[in-house]
Q: 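One structure coming up, written as structure tokens, with questions to follow.
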There are 2 protein chains.
Amino acid sequence: MDSAQNNIYVDRFKDILKHEHFLLGIGEISKATGVSQRQLRYWEEKGYIKSEESKDDSKKCDHRHRKYSHFTFLKVSMIQSFINDGYTLNAAVQKTDAHSLLSKAVKQFLKERILDVTVVQNGYELDLGSIDGVPGKHVYAVIQKNANTKLILKDFV
Amino acid sequence: MDSAQNNIYVDRFKDILKHEHFLLGIGEISKATGVSQRQLRYWEEKGYIKSEESKDDSKKCDHRHRKYSHFTFLKVSMIQSFINDGYTLNAAVQKTDAHSLLSKAVKQFLKERILDVTVVQNGYELDLGSIDGVPGKHVYAVIQKNANTKLILKDFV
DNA sequence: CTTATTTGTCAATTAATTTGACAAAGAAAA
DNA sequence: TTTTCTTTGTCAAATTAATTGACAAATAAG
């Protein structure tokens, strides 16, 4: 992956990361979050969460299985986290909505800042690009199995 | 989110990121990747990909709907990307398997390096922690809507 | 205590997936 | 080219999973 093999894989990976968009069924959301299907349907009825069907009028055919975005999955996880700590449903939703864009920001970071990838011993090194005030260098994240991920500065040619 | 509100949300978010584990049905994988359900079943039959059912003997009950991990979703996306460019199925799988751990490395990075989150104008600032050779400072990712995500160095108290 | 919100459960219906089989298209080999 | 092997499409019958609607129970709020 250091040379020619590099772009053949990395460019595809970046492209997949950038465009990935999958939906989850109610059963999968329920299992992964611990929120029952009955709760999910009720929360949707009350407008706290949205399924693709409730967003798009063209998909509003009866008896269609609900599909949820990964964004909604995280939202449900967050609401449930607050509920587990004693918040009411309404309060949990309010707390969750206050920073609903954080998950999108993290995705934006990944899409914009993974510039390149190199293979290293037991892992990978991500090129995160330049950092303000340090010209001629890039920040790299060194990610290795059984080691703490660390950041380093290296000359960028 | 700058003060007391902070941890109430950020710690939950980090925890959710760290432990999120959802599965996808064959229909969702197929729609999101453009690979037909017939192909996915065949690829599994040939051992190129695995569903949860094919991993875990205890789940090997007949007629159960297949579930795939996000890791497998990315793998299928990658295989399809190679196939779209003219690779045979076998070659596409080989190319894909060569760096199958990259997606896990990226997840590891997120889990280990998002130390804190602060609200800024139109976005968020992620504390990515210290960087080798620059004591007393942390790297921050400033993520704003309608702006390129940038990295900055700031004193860390 | 009374009312409103939220969730569990059941039954009947509809949707989505499973398996198995056969055919057809595509790639590799003779 | 011809033959063979790999890969995918399609169909039907069976099975699993989700849908809606309703009622009851549990929980929170007034």
Side-chain angles (χ1 to χ4, degrees), chain A residues 22-56 58-69 72-73 75-76 78-96, chain B residues 22-69 72-73 75-76 79-96:
Chain A
F22 51 84
L23 297 175
L24 294 152
I26 195 169
E28 288 106 34
I29 295 262
S30 179
K31 267 175 205 155
T33 63
V35 177
S36 74
Q37 298 191 11
R38 181 68 177 83
Q39 285 177 292
L40 291 168
R41 293 190 194 101
Y42 180 72
W43 295 4
E44 181 176 341
E45 183 187 320
K46 299 289 288 183
Y48 294 143
I49 61 174
K50 286 184 179 173
S51 67
E52 295 304 299
E53 287 71 18
S54 65
K55 285 179 190 170
D56 198 342
S58 70
K59 289 175 186 163
K60 256 180 187 161
C61 189
D62 226 28
H63 286 281
R64 272 265 174 79
H65 289 195
R66 288 170 178 78
K67 303 290 177 194
Y68 303 92
S69 65
T72 298
F73 164 73
K75 182 170 180 176
V76 169
M78 185 63 75
I79 294 171
Q80 178 69 343
S81 169
F82 280 113
I83 286 178
N84 282 339
D85 284 1
Y87 288 82
T88 66
L89 174 58
N90 220 289
V93 172
Q94 280 187 313
K95 293 275 183 199
T96 299
Chain B
F22 51 84
L23 298 174
L24 294 153
I26 195 169
E28 288 107 34
I29 296 263
S30 178
K31 267 174 204 156
T33 62
V35 177
S36 73
Q37 299 191 11
R38 182 66 177 83
Q39 284 176 294
L40 291 168
R41 293 191 194 99
Y42 181 71
W43 295 4
E44 181 175 340
E45 183 187 320
K46 299 289 288 183
Y48 294 143
I49 61 173
K50 287 185 179 173
S51 67
E52 295 305 298
E53 287 71 17
S54 65
K55 285 179 191 170
D56 198 341
D57 281 348
S58 69
K59 291 176 187 161
K60 256 180 188 162
C61 189
D62 225 30
H63 286 281
R64 273 265 171 79
H65 289 195
R66 287 169 177 79
K67 303 291 177 193
Y68 302 93
S69 66
T72 298
F73 163 73
K75 182 169 181 177
V76 169
I79 294 171
Q80 178 69 344
S81 169
F82 280 113
I83 286 177
N84 283 339
D85 284 1
Y87 288 82
T88 67
L89 174 58
N90 220 290
V93 171
Q94 280 187 314
K95 294 276 181 197
T96 299

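Just so we're on the same page: letters track the sequence lines, and every chain starts at 1.
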Q: Could you state the atom-to-atom distance from CD of Glu44(A) to P of dT19(D) in whole Å?
A: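 Taking CD of Glu44(A) and P of dT19(D), I get 9 Å after rounding.
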
Q: Between Trp43(B) and dT8(D), does any side-chain N or O lie under 4.0 Å from OP1 or OP2?
A: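 For dT8(D), OP1 or OP2 has a side-chain N or O of Trp43(B) closer than 4.0 Å.
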
Q: Assess whether a salt bridge exists between Lys55(A) and Glu52(A), defined as any Lys/Arg side-chain N lying under 4.0 Å from an Asp/Glu carboxylate O.
A: yes

Q: Roughly how many Å is it from CG in Leu24(A) to P in dA18(D), rounded to a whole number?
A: 12 Å

Q: Tell me which nucleotide among dT6(D), dT19(C), dT20(D) gets nearest to the side chain of Asp62(A).
A: dT20(D)

Q: What distance do Ser30(B) atom OG and Arg38(B) atom CZ have between them, rounded to the nearest 0.5 Å?
A: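 CZ of Arg38(B) is found 13.0 Å from OG of Ser30(B).
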
Q: I want to check one thing: is the phosphate of dT7(D), taken as OP1 and OP2, less than 4.0 Å away from some side-chain N or O of Tyr42(B)?
A: yes

Q: Quickly work out the Ile26(A) CD1 to dA15(C) C1' distance and round it to whole Å.
A: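 Distance check: Ile26(A) CD1 to dA15(C) C1' gives 14 Å.
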
Q: Is any side-chain N or O of Arg38(A) closer than 4.0 Å to OP1 or OP2 of dT6(C)?
A: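 No, outside the criterion.
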
Q: Can you tell me how far P of dT16(D) sits from CD of Glu28(A), to the nearest Å?
A: 17 Å

Q: Going by distance alone, is a donor N or O of one side chain under 3.5 Å from an acceptor N or O of the other, for Ser51(A) and Glu44(A)?
A: yes

Q: Quick check, are the ring centers of Phe22(B) and Tyr68(A) under 6.0 angstrom apart?
A: no

Q: Out of dT20(D), dT7(D), dT5(C), which nucleotide sits closest to the side chain of Lys46(B)?
A: dT7(D)

Q: Which nucleotide in the list dA18(D), dA15(C), dT18(C) gets nearest to the side chain of His63(A)?
A: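 For the His63(A) side chain, the nearest candidate turns out to be dA15(C).
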
Q: Take the protein atom CG of Leu89(B) and the nucleotide atom P of dC5(D), then report the distance between them rounded to whole Å.
A: 18 Å

Q: Would you mind telling me which of dT7(C), dT19(D), dT17(C) lies closest to the side-chain atoms of His65(A)?
A: dT19(D)

Q: Can you see if the side chain of Gln39(B) gets near the phosphate of dT7(D) - specifically, an N or O under 4.0 Å from OP1 or OP2?
A: no

Q: For Asn90(A) and dG30(D), what is the distance between atoms CG and P respectively, to the nearest whole Å?
A: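 Interatomic distance, CG of Asn90(A) to P of dG30(D): 11 Å.
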
Q: Taking 4.0 Å as the cut-off, does a side-chain nitrogen or oxygen of Arg66(B) come that near to OP1 or OP2 on dT18(C)?
A: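 For Arg66(B), the contact criterion (side-chain N or O under 4.0 Å from OP1 or OP2 of dT18(C)) is met.
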
Q: When you measure from the side-chain N and O atoms of Ser36(A) to the phosphate of dG8(C), is any distance below 4.0 Å, counting only OP1 and OP2?
A: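 For dG8(C), OP1/OP2 do have a side-chain N/O of Ser36(A) under 4.0 Å.
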
Q: Rounded to the nearest Å, what distance is computed from the CD atom of residue Gln37(B) to the C1' atom of nucleotide dA16(C)?
A: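 It is 8 Å, rounded to the nearest whole Å.
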
Q: Between dT7(D), dA28(C), dT7(C), which nucleotide has the shortest distance from any of its atoms to the side chain of Thr88(B)?
A: dA28(C)

Q: Specify the closest pair of heavy atoms between Leu23(A) and Leu24(B), including all atoms of both residues, with the distance to one decimal.
A: O-CD2, 3.3 Å

Q: Nearest whole angstrom, please: distance from the P of dT18(C) to the CZ of Arg41(B).
A: 5 Å

